[in-house]
Amino acid sequence: QVQLVESGGGLVQAGGSLRLSCAASGRTLDTYAMVWFRQPPGKEREFVAAIRWAGDREYYADSVKGRFTVSRDNANDTLYLRMTSLKPEDTAVYYCAQDVDYVGGYWYHPSPDDMDHWGKGTLVTVSS
């Protein structure tokens, strides 16, 4: 059974930075994709960033490209999302998810329905 536990959320001023973590336990193979989604208040859950667990491919939503960086530490089975230049519109609950059917490629912008496992989320609030 895969368990994903996010941490690192909090309140930050616009322009600030945060690093989210997602501790993974259970089956995590190099071929899987680990994905960050977010759900702003009153809105749909949306793709933020993803990384193949092997670490050789990264993907970003246009809204965060250049500001957010996804990474992983295989030795500690931990996924990270480094967020810089934060904006009030980045306010959301951030979720970590796993896609066991990831097939790779140049383009990867999954929908929430594509995910197989989810964490419970961590709230990020960016004040103006």
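If you read the sequence from its start, that first residue is 1, and numbering goes on from there.
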A.B. asks: In terms of heavy-atom contacts, does CD of Gln3 have more than 12 from other residues, nucleotides or ligands at under 6.0 Å?
C.D. replies: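 At most 12 heavy atoms, drawn from other residues, nucleotides or ligands, come within 6.0 Å of this atom.
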A.B. asks: Tell me, do Val124 and Leu20 make a side-chain contact under 4.5 Å, heavy atoms counted?
C.D. replies: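 When only atoms from C-beta onward are counted, Leu20 and Val124 do touch, with a gap below 4.5 Å.
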A.B. asks: Can Asp62 and Lys65 be counted as an ion pair, charged N to O under 4.0 angstrom?
C.D. replies: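 Salt bridge flag = yes for Lys65 with Asp62.
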A.B. asks: Just to verify, what does Tyr59 make a ring pair (Phe, Tyr, Trp, His ring centres under 6.0 Å) with, not counting sequence neighbours?
C.D. replies: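 Partners of Tyr59 by the ring pair (Phe, Tyr, Trp, His ring centres under 6.0 Å) criterion, ordered by chain and then number, come out as Tyr108.
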A.B. asks: Hey, any chance Trp36 and Met83 share a hydrophobic cluster, counting ILVMFWY side chains that come within less than 4.5 Å of each other, even indirectly?
C.D. replies: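 Yes, it is one cluster - the side chains of Trp36 and Met83 are joined through contacts under 4.5 Å.
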A.B. asks: On a heavy-atom basis, which atom in Phe37 and which in Met115 lie closest, and how many Å separate them?
C.D. replies: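 Smallest interatomic distance, heavy atoms only, reads CE1-CG, 3.5 Å.
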A.B. asks: Quick one: closest heavy-atom pair of Tyr60 and Thr69, and the distance?
C.D. replies: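 Shortest heavy-atom contact: OH-CA, 3.4 Å.
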A.B. asks: Distance-only, no hydrogens or angles: does the Asn76 side chain make a donor-acceptor pair with backbone N or O of Asp73 under 3.5 Å?
C.D. replies: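 No, the answer is negative, given that no donor and acceptor are paired below the 3.5 Å cut-off.
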A.B. asks: What I'd like to find out is whether the side chain of Arg38 reaches to under 4.5 Å of the side chain of Tyr95, using heavy atoms alone.
C.D. replies: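 No, every pair of side-chain atoms sits at 4.5 Å or beyond.
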A.B. asks: Determine, step by step, whether Glu6 and Trp118 satisfy the side chain to side chain contact (heavy atoms under 4.5 Å, CB included) criterion, reporting the C-alpha distance in whole Å, the side-chain angles of both residues, the deciding distance to 0.1 Å, and the verdict.
C.D. replies: CA-CA 10 Å; Glu6 303 93 338; Trp118 289 91; over 6 Å; no
A.B. asks: If you apply the rule side chain to side chain contact (heavy atoms under 4.5 Å, CB included), what do you find for Gln98 with Val2, and how did you get there?
C.D. replies: CA-CA 9 Å; Gln98 185 184 70; Val2 173; 3.7 Å; yes
A.B. asks: Can Val64 be reached from Leu18 by stepping across I, L, V, M, F, W or Y side chains whose heavy atoms are under 4.5 Å apart?
C.D. replies: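 Yes, it is one cluster - the side chains of Leu18 and Val64 are joined through contacts under 4.5 Å.
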A.B. asks: Between Leu81 and Ala49, which heavy-atom pair has the shortest distance, and what is it?
C.D. replies: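 That would be CD1-CB, 4.1 Å.
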A.B. asks: How close do Pro41 and Thr91 get, heavy atom to heavy atom, and via which atoms?
C.D. replies: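 Distance-wise, the nearest heavy atoms are CD-O, 3.7 Å.
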A.B. asks: Does one hydrophobic cluster hold both Val48 and Tyr32, with members joined at side-chain heavy-atom distances below 4.5 Å?
C.D. replies: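 Not linked; separate clusters.
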A.B. asks: Under 4.5 Å between any side-chain heavy atoms of Ser21 and Thr78, yes or no?
C.D. replies: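 Yes, at least one pair of side-chain atoms sits under 4.5 Å.
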A.B. asks: Of all the heavy-atom pairs spanning Gly105 and Arg57, show the shortest one and how long it is.
C.D. replies: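 Smallest heavy-atom distance, with atoms named: O-NH1, 3.5 Å.
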A.B. asks: Of all the heavy-atom pairs spanning Leu86 and Arg67, show the shortest one and how long it is.
C.D. replies: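 Scanning both residues, the minimum pair turns out to be CA-NH1, 3.9 Å.
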A.B. asks: Compute both the distance and the angle, then confirm whether Arg19 meets the cation-pi test with Tyr80: under 6.0 Å from the six-membered ring centre, within 45 degrees of the axis.
C.D. replies: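 So Arg19 does make the cation-pi contact.
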A.B. asks: So how far is it from Ser128 OG to Gln13 CD, rounded to the nearest 0.5 Å?
C.D. replies: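 That separation rounds to 9.5 Å.
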A.B. asks: Less than 4.5 Å apart, any side-chain heavy atom of Pro40 and any of Glu89?
C.D. replies: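 Not in contact.
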A.B. asks: Can any side-chain N or O of Thr125 pair as donor or acceptor with the backbone N or O of Leu11 at less than 3.5 Å?
C.D. replies: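 Not a single qualifying donor-acceptor pair exists.
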A.B. asks: State yes or no: do Leu79 and Tyr102 share one hydrophobic cluster built from I, L, V, M, F, W and Y residues joined by side-chain heavy-atom distances below 4.5 Å, directly or via other members?
C.D. replies: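 No; tracing contacts between hydrophobic side chains, which count when under 4.5 Å, never links both residues.
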A.B. asks: Does a salt bridge link Asp77 with Arg72, judged by any charged N lying under 4.0 Å from a carboxylate O?
C.D. replies: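 No, no charged N to carboxylate O under 4.0 Å.
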A.B. asks: Are the side chains of Asp116 and Asp101 in contact, using a 4.5 Å heavy-atom criterion?
C.D. replies: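 Contact flag for Asp101/Asp116 side chains = yes.
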A.B. asks: Please report the interatomic distance OG(Ser17) to CZ(Phe68), rounded to the nearest 0.5 Å.
C.D. replies: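 It comes to 9.5 Å.
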A.B. asks: Mind checking the CD-OG spacing from Glu58 to Ser71? Nearest 0.5 Å is all I need.
C.D. replies: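 Output value for this atom pair is 7.5 Å.
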A.B. asks: Please tell me if the side chains of Met34 and Val70 come closer than 4.5 Å, counting only heavy atoms from C-beta onward.
C.D. replies: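 Heavy-atom side-chain distance check fails, nothing below 4.5 Å.
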